[in-house]
Amino acid sequence: MAELKLIGFLCNWCSYAGADMAGTARLKQPGELRIIRMPCTGRVDPLLVLKAFQEGADGVLVSGCHPGDCHYNEGNYYARRRLELLARMLPAFGIEPERFEYTWVSASEGARWAQVVDDFTTRIRMLGIGDEPTVAKQPDDQRTGEERAVNE
Amino acid sequence: MSTIAQAGRKATDPLRPEPATVIEVIPETPNIKTLRVAFDDPAVTEAFSFLPGQIGQLSVPGAGESTFAISSAPSQTDVFEFSVMKAGVVTSAIHELGAGDPVAIRAPLGCAFPTDEWKGRNIVLVAGGIGMAPLRSLLYHLLDNRADYGGLTLIYGARTPDDLCFASDRDDWRHRADLDFTATIDMACSIWDGCVGLVPTVLEERAPSPENSVAVTCGPPIMIRYALESLARLGFREEQVYTTLERRMKCGIGICGRCNLGPKYVCTDGPVFSLAELNGLPDEM
Amino acid sequence: MRFITREKIQDLLEALASEAEVWAPRELNGSGGSIMFERWRSGDPIAFEGVTTLSAKDMVLPRTEKLFGFRYTAGTGNLLAEALGQSAGQPAKEKGEHLSIDPAEPVAEKVLFGVRACDAKALDVLDSLFNRADGSGYEDPGYRSRRAGLTVITIACTSCDEACFCSSFDNGPAEKAGSDLIFYPVDTGFLVEAVTVRGEKILARDEAAKSGQLFEESMLQPPALAETARVEGTADMETLLPAIFADLDFWERSTASCISCGFCTYGCPTCHCFNIHDEMRGDREGERLRSWDACMFHIYTQEASGHNPRPTPAHRYRNRINHKFSYYPENQGQILCTGCGRCIRGCPAGLDIREVMTAALAHARGQGST
Amino acid sequence: MISELAKSELSMSDLAAKISEALAGADLVLGWTASGPGGVAAPARFYEQAEAQQAVFDSTCVHNLAVHLPRLKERRVGIVAKPCDARAVNQLIAEREIDPGRVSVIGVECPSMVDVKTIWRRFGYGARIEDDGERLLVNGAEVERGKYTPAKCADCADRVHPAGEQSAAVADVTDETAADERQLRERFNAMSPAERREFWREQYSRCIRCYACREACPMCYCRDVCIMQSDESRWTGGGVNAGDAEMMQLIRVNHLAGRCTGCGECERACPAGIPLMLLMEEQNRVVEELFGHRAGVDPDARPPLLSFNANNDGWRKA
């Protein structure tokens with residue numbers, strides 16, 4: 001069975017450090033999540049999440065500082081609005097909303113991080129492999145009739 | 001399902017580049033590098049030749065393709081040069097290249113300076129910044145065939161000494177008896193003891209005679225504009241003045257549509273134009 | 001003339017589909033009733049009426065076309081580079097990379113059924129740039145092989161709508177150029193006229209048909225053809241347009257409602273401008289693609305320096321009109337418009353190219369007299 | 001500034017007078033004339049008071065002319081605006097994209113638009129449309145208005161003009177209203193996410209990347225530096241294909257979050273008939289649900305995604 005592809009966008013100042021702590025403490029956690037370090041959840045353009053799904057991610061997790069604790073004071077407040085909106089829009093885009101999660105994990109919460117990853121990974125494992133990447137790059141020569149719904 | 005093989009197509013597909021390799025990268029200024037390149041296929045090298053003023057499409061496959069003047073001497077074809085100013089995506093990728101890196105090239109494209117018509121005449125070259133690149137190829141051609149031409153004047157300027165390209169060439173040019181060379185910078189500075197002044201101003205000070213002469217100018221659009229005015233004041237008629245133009249190009253063969261000035265395509269009808277030709281075209285620079 | 005019944009069209013296409021891809025107009029579901037050229041398979045319905053939303057030009061100029069694939073591999077590349085590198089005491093192949101470019105791929109033969117004369121004529125207009133019959137000009141390998149493998153079966157128009165204006169040009173609703181066969185609609189079927197040898201071969205292929213004879217002789221009279229709207233003086237535009245080129249105020253006013261989208265060019269059967277761009281598939285290989293591009297886009301002429309010679313929609317529309325009615329006729333000897341009317345039907349801003357043409361002609365003539 | 005509304009009995013001479021009046025202080029006025037292609041109204045610009053007589057306003061004035069305002073920033077502009085168009089003007093003001101001091105809105109009551117595109121698809125391009133406010137005639141024969149009312153008009157929430165006055169007749173909302181669009185929406189709503197993904201792929205496979213959706217949108221004023229058509233950005237490739245078309249629309253939806261005024265111009269402009277408003281409507285609904293915000297209603301309102309509420313935004317507990 002193909003391996004799940006999970007992408008995590010983690011704030012550099014807290015969740016990334018928290019993940020690091022979980023690692024150094026040798027807390028048991030599943031290995032499918034690939035972490036991308038971000039300067040702040042405020043930098044996590046919702047389009048990054050959508051692009052990850054389009055390119056074939058089976059699940060995307062965003063994690064940052066607890067509200068009130070942003071290194072830049074308010075980045076995660078903005079992020080919270082964007083990410084909540086994104087979460088509610090996913091079904092309309094055709095993405096199962098359960099495949100996306102955003103959460104807050106501080107630098108000292110190594111154990112909590114391990115729990116978050118475990119929960120998220122377990123959830124995506126239950127859902128299974130997601131949609132195939134939308135293969136964009138097909139030259140038009142291969143445009144065929146049968147992929148289309150047509151009036152009979 | 002039958003298919004037609006693309007047999008019968010001409011031996012060369014003009015949109016298909018030839019693999020080539022960077023031989024050497026010469027930093028010229030903080031944002032200009034000269035790449036010495038050679039085709040990978042000896043048969044391609046064998047068949048390759050170009051004339052001064054012609055252009056080529058240099059690509060870093062994956063990043064894209066961009067158009068540049070060939071800046072080296074037409075007499076040398078096994079290794080030739082493009083001088084590239086960093087501006088966009090492709091030129092940034094080109095600036096990342098080092099010796100040994102693969103590139104792909106379509107060249108030569110476009111038309112050349114009519115150097116045969118100029119035989120026996122004095123030639124005045126007026127260049128600014130990266131605009132020296134096509135004129136450098138022309139200059140080498142003139143020097144390689146020095147006896148065919150009269151007086152040879154080069155005025156080359158840039159904003160600062162650091163922005164002047166081709167440092168080792170300039171040493172040579174300065175010492176040549178058969179070339180009247182002036183390098184100039186826009187504003188005086190401590191590391192420069194040469195001529196100071198904007199190119200058009202210096203041009204008028206040097207005041208080359210229009211008598212039996214041809215002037216060729218290339219540089220930033222604003223410099224070209226004032227240089228053309230200066231040449232007119234010096235008495236150069238529009239058919240005595242040539243320039244080489246830059247436009248956004250894609251195909252390089254006159255069909256993709258974007259580089260036209262009226263019905264003329266800079267990539268095929270140019271990039272070399274006489275001022276007389278340009279004055280007959282719509283003003284859409 | 002030869003004649004085929006409507007019922008036997010399916011048999012005809014069936015026979016043709018055994019040897020080539022057949023493409024025919026068809027109403028699409030869920031698209032608000034758009035008619036598009038679609039790959040035809042046995043039994044598929046055909047939209048005999050109406051005009052397709054897009055032209056048939058993607059038969060010869062695909063929306064996105066692979067020019068070639070390329071790959072970076074380890075290994076020897078340039079012998080000269082290596083020799084020079086060794087003599088300079090530096091390893092030439094720092095990254096050990098070699099670039100190879102894939103050979104061209106074959107393209108499928110296609111039959112285009114049910115195209116209108118304006119779209120077929122457009123192929124002839126494009127031939128004069130991409131594939132001159134006399135071999136005197138540029139020959140585009142991709143275009144040429146697609147065109148060489150394309151059979152064009154045209155249905156002449158017996159009716160038209162308000163946006164049609166093909167009668168303004170040399171071509172009309174039953175123009176032959178670009179077609180191999182012309183079908184003239186009559187009561188129960190079509191009178192058929194062969195234009196090319198390829199067309200004649202199709203007329204002569206009855207023996208291959210499962211259902212017996214496809215074509216029969218008919219004494220029916222050809223139908224009355226559509227009379228479209230006309231713009232007078234289109235041939236004069238080649239010489240008149242340059243006179244008003246510099247009057248940007250005129251172009252701004254007459255094209256003011258343009259919102260600078262690309263539908264007029266993408267819908268147009270003759271617009272052919274393109275972009276060349278690379279796309280990687282992972283780190284080591286990729287493709288160079290040629291895709292439709294439009295002169296109405298700002299980015300089309302945007303230079304890396306920041307300068308743009310056509311910065312506003314008016315600059316761009318001016319270029320489009322000039323290209324169609326002045327530059328292309330001057331360079332290729334044909335007007336780059338066949339009057340299909342798609343740019344009028346589909347313009348989201350309600351701009352009518354005929355009004356711009358008429359205004360430009362009047363303005364140029366007015367200037368000429370002063 | 002949003003000027004007083006034209007009165008309910010707006011006649012064409014009133015409209016001409018309003019335009020003339022606006023031209024006293026403006027360089028040009030954006031409006032419509034009757035002589036558009038296909039015999040319906042087409043956008044026009046009025047520069048001279050004498051030209052104002054040509055102005056019309058009827059139910060074929062479907063275009064949202066606010067799309068032109070960002071390109072006319074240097075000019076003083078009057079604009080004839082339906083209530084939904086005026087929301088776009090408001091939103092442009094709210095985003096500081098245009099200077100309210102340079103724009104004067106000539107508000108017109110909306111009789112509810114007719115879906116010209118659908119009429120033409122059904123009756124042929126250029127079919128004659130007559131609408132006396134009660135009966136809708138196509139080629140001289142009465143048709144059921146509800147079938148040719150865009151869903152955005154049937155569901156119009158802007159009967160009150162943003163300038164404050166009551167906007168008159170909006171088409172009776174019946175089950176027959178905008179039947180096709182409703183059917184599509186119901187079908188979409190019933191789909192699973194996987195079915196929707198398929199639905200969108202099918203839809204996006206028709207996209208030809210003409211950017212009409214973007215160019216027709218009054219809020220897509222990044223235009224010339226838009227990231228979905230840039231040499232620099234790698235959000236999309238340069239080709240024409242369903243994947244890039246999907247990314248383009250995801251970009252548009254995202255960038256219009258809390259900003260879309262629901263005018264439906266993207267969908268109307270799309271030559272491929274892609275139902276783009278399905279996404280916009282859903283997002284507008286979610287934005288209102290989450291932030292209580294409707295774009296363009298209040299020119300002083302802060303866009304919801306450019307602000308936050310530290311205490312009340314906690315939808316998910318830590």
Side-chain angles (χ1 to χ4, degrees), chain C residues 28-34 36 49-51 53-54 58 62-65 159 161-164 253 256-267 275-279 289-294 296-299 302 304 308 311-313 341-342 344-352 354-355, chain D residues 28 30 32 35-45 47 62-63 65 67-68 71 117-118 120-122 124-127 180 184 187 199 202-203 206 208-217 223-226 229-231 237-241 244 265 267-275:
Chain C
L28 290 184
N29 225 349
S31 65
S34 304
M36 303 272 192
E49 307 297 327
V51 188
T53 304
L54 297 177
D58 62 349
R63 297 166 199 184
T64 291
E65 168 188 13
S159 66
D161 68 33
E162 279 194 28
C164 293
R253 285 192 177 219
S257 42
C258 175
I259 54 174
S260 210
C261 80
F263 179 71
C264 51
T265 68
Y266 286 179
N275 189 14
I276 296 174
H277 56 106
D278 291 1
E279 312 239 319
L289 304 171
R290 165 159 79 176
S291 294
W292 286 4
D293 204 348
M296 303 310 291
F297 298 147
H298 180 273
I299 196 175
Q302 174 69 52
N308 193 333
T312 72
R342 284 191 184 82
I344 301 163
R345 281 180 215 104
C347 178
L351 188 55
D352 187 336
R354 294 169 298 189
E355 285 185 18
Chain D
L28 70 153
L30 303 170
W32 289 269
S35 57
V40 298
R45 291 183 183 190
Y47 299 88
V62 292
H63 323 78
L65 302 177
V67 71
H68 293 285
R71 280 202 173 105
K117 220 165 153 178
T118 301
W120 283 348
R121 282 226 180 85
R122 203 150 295 167
Y125 176 84
D180 291 353
L184 176 70
R187 194 156 64 86
F199 170 83
E202 189 336 83
Q203 293 288 340
R206 289 198 311 274
I208 52 170
R209 240 179 146 166
C210 70
Y211 299 99
C213 49
R214 178 186 75 190
E215 299 298 342
C217 174
R223 282 195 189 100
D224 299 346
V225 291
C226 175
Q229 189 192 20
S230 147
D231 288 342
V240 183
N241 54 63
D244 281 332
E265 283 289 87
E267 185 171 308
R268 185 187 65 79
C270 179
I274 302 172

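In what follows, chains carry the letters A, B, and so on, assigned in the order in which the sequence lines appear, proteins first and then strands, with residues in each chain numbered from 1.
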*Check: Leu30(D) main-chain N/O paired with Arg45(D) side-chain donor or acceptor under 3.5 Å*: no

*Heavy-atom pairs under 4.5 Å with chain C are the metric here; pick the option from Glu215(D), Lys117(D), His68(D) that has the most.*
Glu215(D)

*asked:* Let me confirm one number: the SG-CD distance from Cys270(D) to Glu265(D), rounded to the nearest 0.5 Å.
replied: 12.5 Å

*In chain order, what residues pass the side chain to side chain contact (heavy atoms under 4.5 Å, CB included) check against Gln229(D), with sequence neighbours excluded?*
Phe297(C), Ile299(C), Tyr211(D), Arg214(D)

*Relative to chain C, which segment of Phe199(D) carries a heavy atom at a distance below 4.5 Å: side chain, backbone, both, or neither?*
neither

*Name the region of Glu355(C), side chain, backbone, both or neither, that has any atom closer than 4.5 Å to a heavy atom of chain D.*
side chain

_Interface moiety of Ile276(C) toward chain D, non-hydrogen atoms closer than 4.5 Å_ = neither

*Can you sort out the partners of Ala212(D) under side chain to side chain contact (heavy atoms under 4.5 Å, CB included), two or more places apart, ordered by chain and number?*
Cys261(C), Pro348(C), Cys210(D), Ala269(D), Pro271(D)

*asked:* With a 4.5 angstrom heavy-atom cut-off, is it the side chain or the backbone of Arg253(C) that approaches chain D, or both, or neither?
replied: both

*asked:* Counting heavy-atom pairs closer than 4.5 Å to chain C, which one of Ile208(D), Val67(D), Val40(D) comes out on top?
replied: Ile208(D)

*Shortest non-hydrogen contact from Asp352(C) toward Pro37(D)*: OD2-CB, 3.8 Å

*asked:* Looking only at heavy atoms and a cut-off of under 4.5 Å, which of Ala216(D), Cys226(D), Ala42(D), Gly239(D) has the most pairs with chain C?
replied: Gly239(D)

_I need the residue from Ile259(C), Ile344(C), Asn308(C) with the largest number of non-hydrogen atom pairs under 4.5 Å to chain D._
Ile259(C)

_Contact origin within Ala163(C) toward chain D - heavy atom pairs under 4.5 Å_ = both

*Checking Ser291(C) against chain D: side chain, backbone, both or neither under 4.5 Å from a heavy atom?*
side chain

*asked:* Distance check, rounded to the nearest 0.5 Å: Arg209(D) atom CZ versus Asn241(D) atom CG?
replied: 7.0 Å

_Arg268(D) side-chain N/O to His63(D) backbone N/O, donor-acceptor pair under 3.5 Å_ = no

